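Structure first, commentary second.
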Amino acid sequence: MRKLILALGAMAAVCCLSFIGLAQAQTPPVTFSVYPVPGTLTASAKTQISFRGGDPATLGTITVKGSKSGTHAGTLKPHSDGLGASFVPTKPFTANEKVTVTTDDQIVGTAAGDYSFSIGESTGRKNRPVEGAMVGNGTVQGFKTRRDLAPPSLTVTTNKPGTAPGLIFLAPKGGRGQDGPMIVDNSGKLIWFKPMEGKLAADFRVQTYNGQPVLTWWEGVLYGGDGDGVGQILDSSYTPIAQVHAGNGYSFDIHEFTITPQNTALVIAYERDKRDLRKWGGRKDARVVDNIIQEIDLKTGLVLFEWHSFGNVSPADSYTPPPKENGFEWEYFHANAVTIDTDGNFLVSGRNVSTIYKINRATGKIMWRLGGKHSDFKLGKGVRFDYQHNIRRQADGTLTLFDNSAAPPTKKASRAITIRLDEQAKTATLVNAFTHPDKLLSSSQGNNERLPNGDEFVGWGSQRYFTEFSPTGEVLFDGHLAKGNDNYRAFRYEWSGRPTTPPKAIASTKSGSITATVSWNGATGVARWELLAGADANTLAPIGSANRAGFETSITAKSTAAVVALRAYDAAGNVLGTSPAITPTRA
C-alpha cells in the first residue's frame with residue numbers, strides 16, 4: 001500500500017491518506033489542472049485547492065504556503081468521480097497574500113509541479129441602484145381549500161394546437177401575493193405552488209439527478225442584481241433530497257443552477273473585492289464585483305472548476321461605466337449564464353460586456369469571444385446582441401441566447417435568437433430571431449429554451465410574459481403574470497408529480513345537499529374526483545363525481561351524511577389518493 005504524504009512545513013507535521021489497491025511501483029507523473037488557476041488575483045481566503053485530471057494518489061507531496069499566513073496544514077479529499085481531489089486547508093488564508101503550491105506532479109500552465117495565486121480582499125455589499133418593479137397592482141389567486149396559498153394571477157391569451165407536451169414552470173417575484181416556484185398547465189390553471197417565506201425563487205425547472213427527474217430552483221434573497229442563496233433539489237413527491245451550496249466560502253448567486261449528466265452543478269457567485277480601479281477610470285478605493293464560475297461535485301460539495309472574471313476580462317471591456325460615488329461598486333461583468341460546451345469546456349455569458357466567452361476547462365483561459373468590444377467572430381447581419389442572457393449550445397451545434405438589447409436600450413424589442421458559428425472561419429450567422437407580438441423590451445432577465453419538438457419557449461424576464469414559438473416563428477402559446485411581477489426564466493417540461501401529502505377538502509351542507517371542494521397541490525395525474533359520504537370514516541360510499549376542473553374541483557350531491565371525503569382517480573380509473581374524512585359545515 002502506498003501512502004500519500006502531505007508535507008506541512010517546518011514543523012514537519014504530516015497528514016497521511018491511504019489509497020487501497022495501488023501498485024507498489026512508482027506511478028509516472030500526471031499533469032493536473034488546478035483551481036484556483038495559476039495567477040488568479042482574487043481567490044477566496046476560504047479557498048480549497050482543487051486538482052483535476054487523474055488519480056489523486058499520484059499527487060505525492062503537496063506543500064501550501066501563504067506569504068503572510070505561512071505553511072498550511074489540510075486534508076486531501078478525493079472527488080467522487082476518482083479524477084481528482086481538493087486540498088482543504090485547516091485555516092483560512094490572509095487577504096492580499098500570495099499562495100504558493102508545490103507538488104510532485106506537473107501542473108497545467110506551469111513549468112513544474114508548483115504554482116501560485118493571490119487572495120483577494122473581499123468586502124461586504126454596498127447599496128446599489130435597483131431596477132424598479134413594473135407599475136400597477138396585479139391580482140392574486142385565492143383558493144377555498146388552501147388559504148395559505150396566494151400566488152399572483154396568471155393569464156393565457158394564446159393556446160393553439162401543436163404546442164410541445166408538458167407543463168409551464170415559473171417563479172414569480174416582486175408583485176402582490178406570494179413569491180415562489182409555480183407549475184401551471186396550458187390553460188393557466190395552477191398545478192403546484194410553494195410560497196417563499198422571506199425569500200424568493202428563480203431558475204425553477206425539471207432536471208435529472210442520479211438518473212431521476214427532479215425539481216430544482218435557486219432560493220435566497222436579492223441585493224440589486226445578484227443574490228445569496230442555495231440550490232434546492234426535490235423528488236417527484238416534492239420531498240427535498242439535496243441542498244447545494246457554492247464552494248470556497250462564496251454565496252450561491254441567482255443566475256445559474258444547472259445539474260450536469262455527471263451529477264455536478266454549475267453555479268455562479270458574486271464577490272466584492274477592494275481594488276484600485278483608476279487604471280480603468282474608477283476610484284482608488286473602489287470595490288470591483290468579481291464573478292466566479294464554479295462546477296461543484298454534488299456528492300462531496302467540493303469544487304471541480306473555478307474561473308474568475310476579474311483578471312481574465314478587463315474592466316475596459318464593459319459597457320457599464322465605473323461609478324464615481326463613494327461606496328458604490330463596479331459590476332463591470334455581470335455573469336448570468338454558464339453551460340458546458342460539447343467539448344467539455346465552458347460557455348459563459350457576461351451581460352455588462354455583451355459578450356459570450358468560451359473558457360478552457362484545463363487552463364481557465366479564454367478560447368474565444370463572441371460579441372462585445374473584442375469579438376473573435378465576424379458578426380453577420382442581425383447577430384449583434386446586447387446585455388444578453390441564457391447562452392446554450394444546441395444539439396445541432398447552434399447557439400441560442402436571449403438578446404435583451406436593453407438597459408440601456410439598443411433595439412426596439414428584445415429577441416430570442418439562434419446563431420450558427422463557424423469556429424474555423426470565425427464567422428457568426430443569424431439563423432432566426434423571435435420577438436414578442438407586443439415588441440417587449442426586457443430590461444433584465446429572460447431566457448429561451450429549445451423544446452424537444454423544435455419549438456422555442458421564451459421567458460421575457462422583467463416583462464413577465466412567456467411565449468412558445470414554432471420553428472417558423474408562429475406564436476403557439478402566450479401568457480403573462482399579473483402586473484408588478486417578473487420572472488427570471490420560464491420553461492416547459494413534462495413532469496409527473498405525486499405528493500406525499502393527501503388531498504385537501506372542505507365541505508358544507510344545505511337543504512339536504514352536500515357541496516365539497518378539493519385540491520391536491522402538485523398532483524399531475526388527476527382526471528376525476530369522486531365524492532364519498534357516510535355515517536363515519538369506515539362507511540364511506542360514492543355519491544357523486546366530477547372531472548378535474550383546475551386546482552380546485554367542486555362536487556354537489558344529495559346527502560345528509562355525517563362525514564365526506566374526496567378520492568382522486570387517473571384517466572385509467574386507478575385510485576391516486578383520498579382526502580381525510582371531514583364533517584360538512586352548515587352553509
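Note that the structure is predicted; figures quoted are calculated from it, not measured.
Ile183 contributes atom CD1, which lies 9.5 Å from atom CG of Leu170 (distance to the nearest 0.5 angstrom). Distance check: Leu399 CG to Thr418 OG1 gives 9.0 Å after rounding to the nearest 0.5 Å. Atom CZ of Phe477 sits about 8.0 Å away from atom OG1 of Thr163, to the nearest 0.5 Å. Distance CD/Glu271 to CD1/Ile292: 5.5 Å, rounded to 0.5 Å. The distance from the CG atom of Asn336 to the CZ atom of Arg351 is 7.5 Å, given to the nearest 0.5 Å. Taking CG from Leu167 and CD1 from Ile191, the interatomic distance works out to 5.5 Å, rounded to the nearest 0.5 Å.
Heavy atoms only, all atoms of each residue included: Ser443 and Asn404 are closest at C-ND2, 4.3 Å. In plain terms, the two heavy atoms of Ser511 and Lys558 that are nearest each other are O-NZ, 4.1 Å. In plain terms, the two heavy atoms of Thr139 and Ala482 that are nearest each other are O-CB, 3.5 Å. Scanning all heavy atoms of the two residues, the minimum distance from Ser251 to Ala246 falls at C-CB, 4.0 Å. The shortest non-hydrogen separation linking Met182 to Pro151 is CE-CB, 3.5 Å. Summarising the geometry of Arg146 relative to Ser519, their closest heavy-atom pair is CG-OG, 3.6 Å, with the distance given to 0.1 Å.
Between the Ser579 side chain and the Leu566 main chain, a donor and an acceptor come within less than 3.5 Å of each other. In this structure a side-chain-to-backbone donor-acceptor pair under 3.5 Å is missing from Asp341 to Phe346.
Among residue pairs with one or both ends in residues 539-579, those qualifying as ring-ring contact (aromatic ring centres under 6.0 Å, His included) are Phe143-Phe551; sequence neighbours excluded. Evaluation of the salt bridge (Lys or Arg N to Asp or Glu O under 4.0 Å) test over residues 195-219, restricted to residues two or more places apart or in two chains, returns Asp203-Arg205, Asp203-Arg489, Arg205-Glu256. Every pair tested for ring-ring contact (aromatic ring centres under 6.0 Å, His included) that includes a residue from residues 513-545 fails, sequence neighbours excluded, so the list is empty. Sorted by first and then second residue, the pairs that involve residues 445-473 and meet ring-ring contact (aromatic ring centres under 6.0 Å, His included), not counting sequence neighbours, are Phe402-Trp460, Phe434-Phe469, His436-Trp460, His436-Tyr465, Tyr465-His480.
Asp403 has a carboxylate O that lies under 4.0 Å from a charged side-chain N of Lys411, or vice versa, which qualifies the two as a salt bridge. Using a 4.0 Å cut-off between charged side-chain N and carboxylate O, Arg415 and Asp386 make no salt bridge. A salt bridge is defined here as a Lys NZ or Arg NE, NH1 or NH2 lying under 4.0 Å from an Asp or Glu carboxylate O, and Asp343 with Lys358 meets this definition. The residues Glu552 and Lys144 are annotated as not salt-bridged, no charged nitrogen and carboxylate oxygen being separated by less than 4.0 angstrom. Electrostatic pairing of Arg464 and Asp486 does not count as a salt bridge here, judged by no charged N lying under 4.0 Å from a carboxylate O.
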Starting from the C-alpha separation in whole Å, work towards a yes-or-no answer on salt bridge (Lys or Arg N to Asp or Glu O under 4.0 Å) for Glu456 and Arg450. CA-CA 5 Å; Glu456 296 274 347; Arg450 179 73 56 81; 2.6 Å; yes
Check against side-chain hydrogen bond (donor to acceptor under 3.5 Å, both in side chains), Ser470 and Asp455: CA-CA 5 Å; Ser470 74; Asp455 289 356; 5.5 Å; no
For the pair Arg52 and Asp297, evaluate salt bridge (Lys or Arg N to Asp or Glu O under 4.0 Å) and give the outcome as yes or no after the intermediate values. CA-CA 12 Å; Arg52 293 289 292 168; Asp297 182 348; over 6 Å; no
Show the numbers, then the answer: is there a side-chain hydrogen bond (donor to acceptor under 3.5 Å, both in side chains) between Thr400 and Gln394? CA-CA 7 Å; Thr400 56; Gln394 302 301 325; 2.8 Å; yes
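Ring geometry for Phe333 against Tyr357 counts as tilted: the plane angle lies between 30° and 60°, on a 0 to 90° scale.
When ring centroids are compared, Tyr270 and His255 come within the 6.0 Å threshold.
No side-chain donor from either of Asp235 and Gln212 sits under 3.5 Å from a side-chain acceptor of the other. Looking only at atom types and distance, the side chain of Ser153 has no donor-acceptor partner in the side chain of Gln141 under 3.5 Å away. Side-chain contact of Thr216 with Gln207: a donor-acceptor pair under 3.5 Å is present, judged by distance alone. Between the side chains of Ser349 and Gln388, a donor-acceptor pair is found at a separation under 3.5 Å. With hydrogens and angles left out, the side-chain atoms of Asn574 and Asp570 include a donor and acceptor closer than 3.5 Å.
Using a 4.5 Å heavy-atom threshold, the side chains of Leu222 and Leu200 count as touching. Val156 is not listed as a side-chain neighbour of Asn186, based on a closest heavy-atom distance of 4.5 Å or more. Side-chain contact between Thr155 and Thr157 is present, with at least one heavy-atom pair separated by less than 4.5 Å.
Looking at Trp192, Trp217, Phe193, Phe204 one by one, the single match for ring-ring contact (aromatic ring centres under 6.0 Å, His included) with Phe169 turns out to be Phe204.
Residues satisfying the side-chain contact (heavy atoms from CB on, under 4.5 Å) test with Thr339, not counting sequence neighbours, are Leu347, Arg392. Legend: residues meeting side-chain hydrogen bond (donor to acceptor under 3.5 Å, both in side chains) with Ser86, ordered by chain and number and at least two apart, are Gln48, Ser50, His79.
Residue Lys173 qualifies as enclosed at atom NZ: its count of foreign heavy atoms under 6.0 Å is above 12.
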